[in-house]
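Heads up, the thing below is written out as structure tokens.
The sequence lines fix the lettering, A, B, ..., with proteins before strands; numbering per chain opens at 1.
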Amino acid sequence: MNIFDLYLDKIIILIKKLNKDGSLEIPETLKGINVDIPPSNFDCDISTNVAMVLSKVNKKSPIDIANTLIDLIKNEDEKIETISVVKPGFINIKFKQTYWNNFIKNVNQNCKDFGVNIKEKKQKYLVEFVSANPTGPLHVGHCRGAILGDVISNILIFNKHDVSKEYYVNDYGNQIINFTKSVFFRIREILFNEKFPIENSDLYPGDYLVDIAKNIIESNNVLKFDKFEDVSKELTLLSVSESLKLIKSNLSNLGIVHDKFTSETDIVLNNEVQKAIDKLMDKKLVYSGKIKAPKGEDDQNWVEREQLLFKSTDFGDDKDRALQKSDKSWTYFASDVAYHDNKLDRNYDTLINILGADHAGYIKRITAVVEALSGDKKKLICKVSQLVKLIKDGKPFKMSKRKGDYITVEDLISEVGRDATRFIMLNRSSDVELDFDFTKVKEKSKDNPLYYVQYCYARISSVFRHVDLNIGNDLDIKDYEFEYTEDEIRILKKIAEWPKCIEAASLRLEPHRIPVYLYELSSEFHSYWNMGKDDPSKRFINEQKKIPNDKLVFLKVISNVIKSGMDIVGVETPQKM
RNA sequence: GCGCUCUUAGCUCAGCUGGAUAGAGCAUCGGUUUUCUAAACCGAGGGUCGGUGGUUCGAGUCCACCAGAGCGCACCA
């Protein structure tokens with residue numbers, strides 16, 4: 001039940017009627033008209049800008065139009081307490097107390113689906129996220145995008161869409177060869193006491209490779225590790241598989257489960273790259289040419305080479321992109337073209353890619369490919385998660401690939417916990433860099449917004465416990481004749497915002513709106529709770545040791561929204577803290 | 001040189017696709033526990049929304065230019 005949408009519909013019907021009568025002009029599109037939350041210093045519940053939007057086409061001042069509208073609106077709705085016109089031309093409406101009885105009844109009767117955006121057309125989504133190279137465990141840098149992708153998916157699922165969470169495994173190419181070589185040398189180190197060539201900067205130095213090497217030695221007694229070339233094929237498979245084991249366990253510790261892992265090697269071996277490039281060729285978007293050196297770069301080392309290029313400039317990219325290396329093998333980009341063609345073949349309505357900030361430059365070319373292949377500009381949406389700045393003891397903390405001194409997801413979770421990690425990573429817009437201060441998050445865990453929201457839920461649970469009720473059970477209430485006070489209505493108004501929050505989060509793929517909203521709601525609740533100290537009528541449990549029905553549904557509805565929100569964010573709502 | 005993202009209180013950030021007197025937390029100062037969880041609450045101070053123009057009834061929000069920060073810019077993945 002979205003009270004803002006319901007009222008917007010009412011107003012649209014009204015002005016259309018007036019337009020039919022000939023007493024009002026309306027613009028072609030009614031898109032600008034909205035019903036919104038008024039600023040808190042106005043004593044009203046909802047507010048609309050209709051009069052201001054209609055002002056132009058009617059050549060009248062917004063105030064005049066508003067004044068003629070308010071009587072008509074009031075006549076049609078006996079739930080209105082006051083309706084008034086304010087300065088630039090807003091119409092402000094305050095409902096009678098009884099309005100909120102109907103509201104809370106409605107919310108309670110379909111608790112689980114409260115907030116679901118019924119206006120959204122049901123779609124099939126594919127959300128690709130993480131897709132870190134299978135060359136070792138996940139580190140903190142992967143964490144934000146992982147959580148972002150997971151929760152974006154959760155929001156879409158909450159809104160009843162069909163969502164598939166997918167991981168693209170880059171198990172092909174030079175990096176994988178280097179990785180496998182590194183494993184090979186670690187194996188020789190263990191078996192033949194041969195020193196690992198640490199000076200070779202192409203190799204992966206991390207300690208986790210020793211464990212991978214041990215696992216491979218233990219689980220296999222066929223392979224001989226004399227020459228890399230002899231075992232490279234089998235060893236690659238084993239090494240990648242060990243890596244994926246680590247990654248999947250990291251993801252599971254973060255509370256993330258992907259529906260599908262797609263392997264780049266499979267795509268390449270299936271000849272899908274050639275097929276996809278052929279499709280682009282048919283559209284005359286592939287040609288053989290040379291890329292010019294970027295200005296300002298050092299031109300001396302630049303070698304112009306004839307190679308196969310994709311005309312991404314046709315779609316707004318800065319330059320055309322190479323599909324083939326000079327040795328005629330495919331580039332990474334080419335196999336990604338194939339992968340996206342593969343996605344398109346699976347008939348999704350919308351593809352979503354979650355990328356790290358360091359891959360933002362990649363967006364234009366890949367959206368160009370999807371547009372070229374599907375003919376639909378909006379088929380692929382790329383969402384970038386900005387960097388996480390790690391801070392330890394007040395100082396920035398840099399990770400070094402060469403030394404292999406990563407902070408892993410494992411370290412992070414064991415230090416601050418899964419829920420705190422998820423909540424804090426989401427509490428900011430993905431467009432801005434995020435400060436993640438280890439010492440702060442750990443030391444000041446009491447100031448952590450996660451606990452603030454959880455505490456709210458725990459407080460409500462404790463009230464239920466006191467009268468032997470369970471917070472999770474449905475409430476069956478027949479009579480909704482209540483008289484909520486101003487302080488309670490303030491919270492009910494916040495509850496009424498929940499569907500709006502979900503709508504914005506889903507439409508714009510901005511999960512941070514959910515923790516931000518939950519924090520605000522919790523704040524209203526804690527404030528109300530403390531009023532009970534001075535004013536016994538604000539306590540939930542009365543002198544007969546019972547909770548009256550008005551307070552009971554009130555609590556139920558609040559806890560339900562918190563639960564829904566926390567489920568989407570993917571964190572626990574403990575009943576005791 | 002080019003592209004992407006950002007710039008809001010001392011610090012970290014919200015600001016619902018252009019609306020009304022721009023909001024939180026932290027930090028600082030001062031208060032609140034015989035009562036359902038004080039991991040909480042109440043109060044005070046703190047702002048030229050990076051700058052300059054433009055678009056319009058109306059701009060933190062849209063456009064242009066400028067300044068600053070981060071990320072990226074070949075056949076790596």
Closest non-hydrogen atoms of S131(A) and Y168(A), given as atom of the first, atom of the second and distance, are OG-N, 3.0 Å
If you look at every strand shown and take non-hydrogen atoms under 4.0 Å, does [X] touch a base, only sugar-phosphate, or nothing?
| X | result |
| --- | --- |
| Y362(A) | base |
| D358(A) | sugar-phosphate |
| I291(A) | sugar-phosphate |
| Q575(A) | base |
| S326(A) | base |
| F42(A) | base |
| M52(A) | base |
| A322(A) | sugar-phosphate |

Which nucleotide in the list [options] gets nearest to the side chain of [X]?
| X | options | result |
| --- | --- | --- |
| K56(A) | A77(B), G19(B), C57(B) | C57(B) |
| S527(A) | C42(B), A20(B), C76(B) | C42(B) |
| P38(A) | U21(B), A77(B), A20(B) | A20(B) |
| W529(A) | C42(B), A38(B), A77(B) | A38(B) |
| Y452(A) | C41(B), C71(B), A20(B) | C41(B) |
| R459(A) | A77(B), C36(B), A40(B) | A40(B) |

Mapping H466(A) and C44(A) onto RNA chain B by nearest heavy atom, which one lands closer to the 5' end?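 Mapping each residue to its closest nucleotide by heavy atoms, the 5'-most match is C44(A).
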Given RNA chain B, 5'-ward residue of the pair S522(A) and R465(A), judged by closest heavy atom: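 Here R465(A) is the residue nearer the 5' end.
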To the nearest Å, give me how far apart [atom1] ([X]) and [atom2] ([N]) are.
| X | N | atom1 | atom2 | answer |
| --- | --- | --- | --- | --- |
| D202(A) | A77(B) | CG | C1' | 13 Å |
| I37(A) | G23(B) | CD1 | P | 14 Å |
| D431(A) | U61(B) | CG | C1' | 14 Å |
| I63(A) | G58(B) | CD1 | C1' | 13 Å |
| I91(A) | G19(B) | CD1 | P | 17 Å |

Run the side chain to side chain donor-acceptor pair (under 3.5 Å) check on Q386(A) and D431(A) step by step: do they pass? CA-CA 6 Å; Q386(A) 289 299 325; D431(A) 288 336; 5.7 Å; no
Using Watson-Crick pairs (N1 to N3, plus N6-O4 or O6-N4) and G-U wobble pairs, both distances under 3.5 Å, which stems of at least 3 pairs involve RNA chain B? B:1-7 with B:67-73, B:10-13 with B:23-26, B:28-32 with B:40-44, B:50-54 with B:62-66
Mind checking the [atom1] distance from [N] to [M]? Whole angstroms is fine.
| N | M | atom1 | value |
| --- | --- | --- | --- |
| A40(B) | G23(B) | P | 24 Å |
| C16(B) | A77(B) | C1' | 38 Å |
| G19(B) | C13(B) | P | 24 Å |
| G31(B) | A59(B) | C1' | 40 Å |
| A27(B) | C62(B) | C1' | 36 Å |
| U61(B) | U52(B) | P | 12 Å |
| U56(B) | C73(B) | P | 42 Å |

Should we say atom CD1 of I118(A) is surrounded by more than 12 heavy atoms from elsewhere, each under 6.0 Å from it? no
Please determine whether the number of non-hydrogen atoms from other residues, nucleotides or ligands lying under 6.0 Å from atom OH of Y172(A) exceeds 12. no
Listed partners of E486(A) passing salt bridge (charged side-chain N to carboxylate O under 4.0 Å, His left out), at least two apart: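 Partners of E486(A) under the salt bridge (charged side-chain N to carboxylate O under 4.0 Å, His left out) test: K94(A).
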Residues that D202(A) engages under salt bridge (charged side-chain N to carboxylate O under 4.0 Å, His left out), provided they are two or more places apart: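 Not a single residue meets the salt bridge (charged side-chain N to carboxylate O under 4.0 Å, His left out) criterion with D202(A).
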Distance to the ring centre below 6.0 angstrom and angle to the axis at most 45 degrees; does that hold for K563(A) and Y457(A)? no
Each nucleotide of nucleotides 10-15 of chain B classed B (base within 4.0 Å of a protein heavy atom), S (only sugar-phosphate) or -, in 5' to 3' order, makes --BSSS
Between K538(A) and D535(A) (salt bridge meaning N to carboxylate O under 4.0 Å), is one present in this structure? yes
Salt bridge or not between K119(A) and E503(A)? Use side-chain N to carboxylate O under 4.0 Å. yes
Among all residues two or more places apart in sequence or in another chain, which pass the side-chain hydrogen bond (donor to acceptor under 3.5 Å, both in side chains) test with E572(A)? none
Report the glycosidic orientation of U34(B): syn if within 90° of 0, anti in every other case. anti
Can you find a donor-acceptor N/O pair under 3.5 angstrom joining the side chain of K533(A) to the base of A38(B)? yes
Could a donor-acceptor pair under 3.5 angstrom be found where the side chain of N92(A) meets the base of A20(B)? yes
Tell me which residues in residues 309-321 of chain A lie within less than 4.0 Å of RNA chain B, going by non-hydrogen atoms.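 When residues 309-321 of chain A is checked for heavy atoms under 4.0 Å from RNA chain B, the hits, listed by number, are D318(A), K319(A).
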My understanding is that only one of D314(A), D318(A), D317(A) makes a salt bridge (Lys or Arg N to Asp or Glu O under 4.0 Å) with K364(A); could you say which?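 Testing K364(A) for a salt bridge (Lys or Arg N to Asp or Glu O under 4.0 Å) against D314(A), D318(A), D317(A) leaves exactly one candidate, D318(A).
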Would D435(A) and R428(A) count as a salt bridge (Lys or Arg N to Asp or Glu O under 4.0 Å) if you check the C-alpha gap in whole Å, the side-chain angles of each, and the deciding distance to 0.1 Å? CA-CA 10 Å; D435(A) 281 2; R428(A) 300 272 179 259; over 6 Å; no
Report the C-alpha distance between R422(A) and D419(A) in whole Å, list the side-chain angles of each, state the deciding distance to 0.1 Å, and finish with yes or no for salt bridge (Lys or Arg N to Asp or Glu O under 4.0 Å). CA-CA 5 Å; R422(A) 289 184 71 108; D419(A) 286 358; over 6 Å; no
Can you label the angle between the F333(A) ring and the F310(A) ring as parallel, tilted or perpendicular, going by 30° and 60°?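 Answer is tilted, since the angle falls between 30° and 60°.
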Going by 5.5 Å between centroids and 30° between planes, is there a stack of Y455(A) over A40(B)?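 No, Y455(A) does not stack on the base of A40(B).
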